Amino acid sequence: MSNHIADMMFSKYIFIIGANPAVNHPVSMVHILRAKEAGAKIVVVDPHFSKTAAKADEYHRIRSGTDIALVYGMLHHIIKNNLYDKQFLKERVYGYEEVIKEAMKYTPEEASDITGIPAKDIIHIAEEMAAAKPASLIWNQGLTQHTVGTSNTRIMPILQMFLGNMGKNGGGVNILRGHDNVQGSSDMAANPDVLPGYYPLNEASWKHFAKHWYVEYDWLLSRFKDKKMMESSGYAHSTWKFGVLDEENAANNGGTMLRALVVIGTGMTSVSLLDLQKKAMDKLELVVFIDPYVNDLAIYSNREDNLFLLPAASQMESSGSVAATNRSYQWRSKVMEPLFECREDQDILFDFAKRFGFLEEYQRSLYEIAKKDGRAEFIWPEDATTELTQSIRSIGLQGMSPKRLKAHQENWHMFDKVTLEGKGPFKGEYYGLPWPCWSDKHPGTPVFYNDSIPVMRGGMGFRVNWGETSPDGQSMLSLRQLPNSQIKGHPPISAANAQSLGLKLTQEEKKIVDGSTYALGFGNNILVEKALEAGLCPYGNGKARALVWNWYDKIPLHREPIHSIRQDLIHKYPQFPDKPNHYRANIKYRSRQIEKDWVKDFPINMLSGRLVSHMGTGTETRSAKYLAEVHSEMFVEIHPDKAFELGIKDGDMVWVYGTMDTRALIKAKLSYRVDVNSVWVPQNFSGLDQGENLLSKYPEGTAAYAIGESANMISSYGFDYNTACPETKCGLCRIEKA
Ligand SMILES: Nc1nc2c(c(=O)[nH]1)N[C@H]1C(S)=C(S)[C@@H](COP(=O)(O)OP(=O)(O)OC[C@H]3O[C@@H](n4cnc5c(=O)[nH]c(N)nc54)[C@H](O)[C@@H]3O)O[C@H]1N2
Ligand SMILES: Nc1nc2c(c(=O)[nH]1)N[C@H]1C(S)=C(S)[C@@H](COP(=O)(O)OP(=O)(O)OC[C@H]3O[C@@H](n4cnc5c(=O)[nH]c(N)nc54)[C@H](O)[C@@H]3O)O[C@H]1N2
Ligand SMILES: [Mo]
């Protein structure tokens with residue numbers, strides 16, 4: 001999220017595309033409605049008439065998977081009519097010329113044919129959004145769960161840059177995150193392709209963390225098969241099953257098939273191709289679930305042995321720092337001690353490390369931090385927070401000491417609820433110190449990329465992460481300068497360039513920082529502090545990349561979904577080529593798209609989303625009596641005309657057939673919220689396996705109060721080309737009365 005939730009108060013126009021905050025982010029929705037009362041126009045683009053759409057000023061129904069074409073259609077009109085911020089682009093964006101070229105191909109008529117939104121409406125949205133100063137843009141999973149998910153998440157900031165809405169209060173791109181602390185988990189590298197803080201998987205980063213963890217780099221290396229594996233992305237949440245089921249993938253995995261699975265804190269029935277996960281689970285040698293509830297995937301298993309459920313403590317029974325959707329970190333206090341035999345996650349992991357024989361190395365940094373404080377024992381989670389905030393400098397966590405975070409938590413009343421600004425002793429700080437928070441004195445950064453305020457007030461340019469010069473010889477540095485600084489765009493701060501950037505270091509300091517950079521450093525924050533003194537941003541002041549030269553799609557391109565309802569468009573807008581070794585699995589794209597005329601057997605577009613009373617898989621919420629009562633049954637929304645055509649009445653049971661030879665038995669709910677070619681299912685159920693009731697498989701006394709077929713039993717094959725996120729927002733199906 002570039003801005004923060006209350007900041008929407010300053011918006012004149014809020015464009016919600018692929019998100020349904022009324023259901024999924026009710027607190028954010030309150031802020032959106034307050035902004036509406038203050039005069040902001042709310043516009044929703046969604047294939048499903050959502051509850052958010054019902055509260056909006058305008059709703060536009062889009063065909064799922066075509067958002068890029070919509071934005072190009074808007075940009076076409078915006079560029080032709082000179083409604084864009086040329087100065088912003090010139091000074092702060094690289095590669096926008098290529099975007100202009102692509103946009104010229106998308107007349108509003110062409111965009112209309114692809115998206116299903118009338119051309120005059122595309123023009124109307126473009127004109128109103130361009131006129132609103134500023135406009136905010138919100139997206140969420142409606143954009144990410146596609147093969148082109150990453151491209152979707154690039155075209156939206158590109159639109160905002162064309163409109164000059166980045167780096168402004170009331171503007172920005174505001175992605176409402178999913179789970180509690182999901183921002184924190186990605187900051188901490190729950191992703192398989194990075195180290196904590198998004199450090200790339202390379203030798204320099206491993207060496208950096210080796211220092212902060214007080215272990216030898218060679219010891220870390222010895223834990224891997226070889227250096228190549230140490231620097232390769234792991235399996236993703238969505239691809240591990242292929243590492244169990246398809247022999248060909250062993251080559252991507254150091255020559256071996258996957259043999260064991262440990263699941264900690266994810267529902268699993270929420271991942272697409274559930275039937276394959278089930279088969280993979282049965283084939284493994286060992287499966288372990290660490291969860292406060294019985295993880296629903298365990299229920300789908302036919303295993304007789306080597307399946308373990310380790311009861312984890314819940315968030316109420318643990319404490320620590322958690323990251324909010326706007327990059328604020330907050331301290332959370334324990335409400336109660338873990339009940340019964342539950343244990344906190346870290347205690348279970350410490351025991352794992354002990355059995356594996358590396359507990360001493362695993363905990364060494366905690367003891368070192370305790371030692372510096374004159375203690376013999378470490379304190380959990382405070383010392384762990386110190387470790388992570390000291391080591392993660394790439395995104396600037398070093399200003400977030402446990403002490404500061406606790407002080408913010410204990411003094412909520414001292415912060416302004418709209419601007420996040422502190423009062424009294426917190427004057428100048430922003431609540432939760434949203435990262436980057438570069439030093440003990442830095443206030444945090446409430447709005448990304450705002451280069452009109454000094455860095456010590458949270459100002460910054462775009463990060464210079466890909467070198468100072470592009471392969472075509474253009475400068476990647478901003479043409480603007482931050483207030484209080486003496487120079488325009490500049491590279492990231494390092495010992496090597498400190499002098500040329502005007503940083504004043506003593507001989508002693510020079511010795512200490514020798515060889516380090518703002519991100520790769522140990523034991524001191526000298527370079528960063530000197531940069532702040534000079535008014536410079538530690539990670540540089542650069543241009544945003546509209547064009548990413550090292551990616552397959554250098555600029556975002558519209559590509560028809562693999563299972564597209566518009567077969568007539570799949571050659572004009574084809575899928576990516578198949579991708580080998582994509583998070584260790586060989587993944588199909590184009591070959592799957594053209595395998596057959598999918599629409600012939602599966603003529604209906606399948607959408608999925610969420611219910612307000614259930615969370616994720618529903619494992620937790622369907623185990624709560626009240627919530628299970630609110631939504632007790634799985635259902636599929638079908639347009640009344642389509643239902644009539646298929647001989648289906650409201651409340652009938654139907655079979656929904658997916659493209660992977662699976663089916664699900666679901667109750668029909670007739671609704672105009674979907675168009676005649678689409679159906680919608682909630683993703684919050686599991687516990688029924690293609691008609692078979694799995695209730696008897698729960699250990700005694702643990703069964704959920706409500707179960708249902710999982711949407712992911714019938715979801716289609718498809719994964720984001722960059723992240724491998726499953727394509728659960730596009731897919732095809734066939735429906736028959738049961
Ligand atoms: N009550 C409740 N709240 C939750 C959750 C929950 O399960 N229950 N889950 C949490 C999590 S983990 C997350 S990630 C967030 C998710 O929050 P959201 O992203 O808001 O969730 P969804 O309802 O899955 O999808 C949002 C909208 O995208 C639309 N959509 C689908 N395909 C497309 C498309 O191609 N283009 C466009 N423009 N729109 C499309 C859907 O119709 C839907 O209305 O919610 C969080 N909050
Ligand atoms: N068809 C379809 N599929 C989807 C989506 C969709 O829109 N459509 N959305 C996708 C998205 S965005 C998401 S995030 C996923 C849902 O994400 P999941 O993470 O798969 O779903 P949850 O049910 O929230 O699973 C969280 C699990 O963690 C456990 N848990 C809770 N607290 C703790 C704790 O402190 N420690 C441990 N160890 N465990 C804990 C819970 O009991 C639960 O089993 O679904 C994805 N799948
Ligand atoms: Mo999510």
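Counting convention: from 1, in listed order, for ligands and their atoms alike. Keep in mind it's a predicted model, so treat the numbers as computed, not measured.
- With ligand atoms numbered from 1 in the order given, ligand 2 contributes 31 (C), 41 (C), 42 (O) to contacts under 4.0 Å with heavy atoms of Glu620.
- A donor-acceptor contact shorter than 3.5 Å links the side chain of Arg327 to the backbone of Met1.
- The Asp291 neighbourhood of ligand 2 comprises atoms 27 (C), 28 (O), 29 (C), 39 (N), 41 (C), 42 (O), 43 (C), 44 (O), with distances under 4.0 Å to a heavy atom of that residue.
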Check the pair Ser136, Asn3 against side chain to side chain donor-acceptor pair (under 3.5 Å), reporting the backbone distance first and the verdict last. CA-CA 9 Å; Ser136 170; Asn3 294 37; over 6 Å; no
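- Residue Ile264 has at least one heavy-atom neighbour below 4.0 Å for each of these atoms of ligand 2: 38 (N).
- How far CD of Glu709 is from OG1 of Thr662: 9.5 Å, rounded to the nearest 0.5 Å.
- Judged by distance alone, the side chain of Arg622 and the main-chain N or O of Ser632 form no donor-acceptor pair under 3.5 Å.
- Thr115 meets the side-chain contact (heavy atoms from CB on, under 4.5 Å) test with Ile62, Thr66, Ala69, Leu70, Ile117, Ile122; sequence neighbours excluded.
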With side chain to side chain donor-acceptor pair (under 3.5 Å) as the test, would you mind laying out the steps for Tyr698 and Asp296 before giving the verdict? CA-CA 9 Å; Tyr698 283 91; Asp296 270 358; 2.9 Å; yes
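- Backbone and side-chain nitrogen or oxygen atoms of Ser314 are examined, and none is located within less than 3.5 angstrom of a nitrogen or oxygen of ligand 2.
- Residues passing the salt bridge (charged side-chain N to carboxylate O under 4.0 Å, His left out) test with Asp568 are Arg566, sequence neighbours excluded.
- The proximity of Asp345 to ligand 2, defined as any non-hydrogen pair under 4.0 Å, is limited to the side chain.
- Within the listing of ligand 2, atoms 20 (O) sit less than 4.0 angstrom from a heavy atom of Met268.
- Near Asn712, meaning under 4.0 Å from any of its heavy atoms, are these atoms of ligand 2: 1 (N), 2 (C), 3 (N).
- The distance from the CD1 atom of Ile14 to the OG1 atom of Thr52 is 11.5 Å, given to the nearest 0.5 Å.
- Residues passing the salt bridge (charged side-chain N to carboxylate O under 4.0 Å, His left out) test with Glu382, sequence neighbours excluded: Lys406.
- Ligand 1 is surrounded by Ile17, Gly18, Ala19, Asn20, Val23, Asn24, His25, Val45, Asp46, Pro47, His48, Ile62, Ser64, Gly65, Asp67, Asn140, Gln141, Gly142, His146, Gly178, His179, Gly609, Arg610, Leu611, Val612, His614, Met615, Gly616, Asn684, Lys729, each with at least one heavy atom closer than 4.0 Å.
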Does the side chain to side chain donor-acceptor pair (under 3.5 Å) test come out yes or no for Thr728 and Gln145, once each step is laid out? CA-CA 5 Å; Thr728 33; Gln145 296 170 2; 2.8 Å; yes
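- Residue Ala313 touches ligand 2 through its backbone alone, judged by heavy-atom distances below 4.0 Å.
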